[in-house]
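Just follow the structure's listing: the first ligand is 1, and inside any ligand the first atom is 1.
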Amino acid sequence: MSSSGGKAAELRKLSCAGACKGDVPKLGKDELEKNLEDLPAWEVSEDHTKISRKFVCKNFVAAIDFFNQVKDLAEAESHHPDLHLTGYRNVQVDLQTHSVGGVTLPDVVMAAKLDALPVTYSPKWLREHGSQQPGQAPA
Ligand SMILES: C[C@H](O)[C@H](O)[C@H]1CNC2=NC(N)=NC(=O)C2=N1
């Protein structure tokens with residue numbers, strides 16, 4: 001049962017700093033799922049080496065605006081997601097700590113922080129995927 005969002009709020013208080021020195025432990029499957037219980041928009045890859053979030057933005061400008069917010073956050077945290085933009089508005093964000101080749105707590109922290117960024121979603125996509133998407137800005 002997911003908490004009332006408290007876990008995500010706790011994660012957002014943490015920093016990703018130092019995540020990439022190669023000594024941060026990879027999270028196992030169970031730890032990962034426990035850490036993601038409050039971040040339902042994120043999926044774990046088959047091999048558990050990355051977590052991803054997919055959504056459709058209202059348009060290309062909205063997608064690039066989101067990417068620019070991600071750029072600022074990633075630079076502030078010195079921890080960088082992989083960003084994919086296809087079909088002018090289909091967004092996929094992947095997170096992994098490249099220096100260890102897996103998902104670490106800083107990746108989960110970054111996911112929680114990314115979920116707090118406002119996104120202008122495609123209204124049609126929101127209707128089809130449940131309107132409770134994270135960071136939902138007015139359409
Ligand atoms: C020197 C610099 O901090 C490191 O190369 C950082 C940059 N951002 C990073 N981001 C991610 N996701 N993984 C890393 O291993 C990583 N390393």
Inset, instruction - State whether the shortest distance between N or O atoms of His98 and N or O atoms of ligand 1 falls below 3.5 angstrom. - result: yes

Inset, instruction - Run the salt-bridge test on Glu31 and Lys34 with the 4.0 Å N-O cut-off and return the result as yes or no. - result: no

Inset, instruction - Using distance alone, decide if ligand 1 has a nitrogen or oxygen within less than 3.5 Å of any nitrogen or oxygen in His80. - result: yes

Legend entry - Atoms of ligand 1, numbered as shown, that sit under 4.0 Å from any heavy atom of Gln96: 11 (C), 12 (N), 13 (N)

Inset, instruction - Verify whether one side chain among Asp94 and Gln92 offers a donor that lies under 3.5 Å from an acceptor in the other. - result: yes

Legend entry - From CG (Leu114) to CZ (Arg12), nearest 0.5 Å: 10.5 Å

Legend entry - Lys7/Glu37 salt bridge by N-O under 4.0 Å criterion: no

Inset, instruction - Below 4.0 angstrom from a heavy atom of Ser99, which ligand 1 atoms are there? Numbered from 1 as shown, please. - result: 15 (O)

